[in-house]
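Given the structure is predicted, the values throughout are model-derived calculations rather than measurements. In what follows, every heavy atom counts, from backbone to side chain, and hydrogens, waters and symmetry copies are set aside.
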Amino acid sequence: MAGGEAAGPGRSSARLARAGGLNNTGREQGSDFVRSYRHTHRLTRLGIVLGAAAFAVTMADAQHSRSLAQGKLDARYTVTLGGLPIGQGAWVIEIGDDHFTASASGATAGLMRVFASGQGQSAARGGVSSGQLIPSSYASRIVTDEKSDEVRMTINSGTVKEFVANPPTVASPDRVPVTEAHRRGVSDPMTASLVRVPGSGDTLVPQACQRTLAIFDGRMRYDLQLSFKRLDRVSTERGYQGVTVVCAVRFSPIAGYIPDRAAIKYLIQLRDIELSLAPIAGTRVMVPYRVSVPTPLGVGIMQATQFVSLPYPGKATAKTQ
């Protein structure tokens, strides 16, 4: 999913603009936005990233939760831009008694393959402690017709200890520098998209949205501020049938970005980004079911077409409760 979106608009933004019937101003804004897209694809990796993606049952009570402390999700997604298919992806998540893994893959599809092709993979793993998902490693690789982008990080207790970005971020006096302080108290993009709802009652509640996600993706430090918007009922082609919690999302860059970049300004001003969360069975973790991001080229939507989520018995432990 992440790869599907990140590998989206590229070298042919002008042709896409013409196909969408944009005027000259729209073409210029769209081209500028697309040229900056690789620096902001993290948003949809949340499920954009790239980058994200994913996820039915809620817990009846605390005792029942202890016997179903683990779960697995196998999800498939499509990505559209202005109603046209441009990508597809998959997300597999496993949450065990004391560990978790998450992996995503995606590629361009449909009309987008005529203009540019690309694919990508992302993966995160870590432990479970006191009900929290604690990431230990993250890796992302995106390959397009023109170039590749790879990030690897090692994380310990919310602090990024080591990270490698290839190619390196281009040095610029206009870029807000990333300091050591910016790499503390953060999560990687994929682990951040696994939203745990505390307590023992229903997970499909407004509280699922009331949070700020502090994210470092190996190049950029930013916050995603979530707030409750509504509850939606969904029906997936295969898998989940039920309610999703819809959150409004605000993008707030912290470091590693160039303030004058058009895409950054555009995302900061956006008030219509939506993130729909659905539960992973057997856990209290919610994950992106649908992401909607307006762009100058049309609304970009990542939507689950398969959302198969299964609980399986774990040890009698409260680690994931």
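Salt bridge present: Arg230 and Asp232 bring a charged side-chain N and a carboxylate O closer than 4.0 Å. Salt-bridge check for Asp149 with Arg219: passed, with a basic side-chain N closer than 4.0 Å to an acidic carboxylate O. The pair Asp145-Lys147 fails the salt-bridge criterion, with no side-chain N (NZ, NE, NH1 or NH2) lying under 4.0 Å from an Asp/Glu carboxylate O.
Looking at Pro259 and Ile264, their side chains never come closer than 4.5 Å, going by heavy atoms from C-beta outward. When side chains are defined from C-beta on, Thr191 counts as touching Phe100, because their heavy atoms get closer than 4.5 Å.
In the displayed structure, Arg152 atom CZ is contacted under 6.0 Å by at most 12 heavy atoms of other residues, nucleotides or ligands. Within a 6.0 Å radius of CD in Gln210, other residues, nucleotides and ligands contribute more than 12 heavy atoms.
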Stepwise side chain to side chain contact (heavy atoms under 4.5 Å, CB included) test for Tyr222 and Leu224: CA-CA 7 Å; Tyr222 57 97; Leu224 294 180; 4.0 Å; yes

From CA spacing to verdict: side chain to side chain contact (heavy atoms under 4.5 Å, CB included), Gln132, Arg196: CA-CA 7 Å; Gln132 301 298 322; Arg196 178 184 175 273; 3.5 Å; yes

Asp188/Phe216 under side chain to side chain contact (heavy atoms under 4.5 Å, CB included): CA gap, chis, key distance, verdict: CA-CA 6 Å; Asp188 63 88; Phe216 179 66; over 6 Å; no

Verdict with reasoning, Ser172 to Asp174, per side chain to side chain contact (heavy atoms under 4.5 Å, CB included): CA-CA 5 Å; Ser172 170; Asp174 299 329; 3.7 Å; yes

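A single hydrophobic cluster is not seen to contain both Leu226 and Val246; linkage of ILVMFWY side chains at heavy-atom distances under 4.5 Å, directly or through other members, places them apart.
Going from atom CG of Leu277 over to atom SG of Cys247 covers 4.5 Å, rounded to the nearest 0.5 Å.
No hydrogens or angles considered: a donor-acceptor pair under 3.5 Å links the side chains of Gln241 and Ser235.
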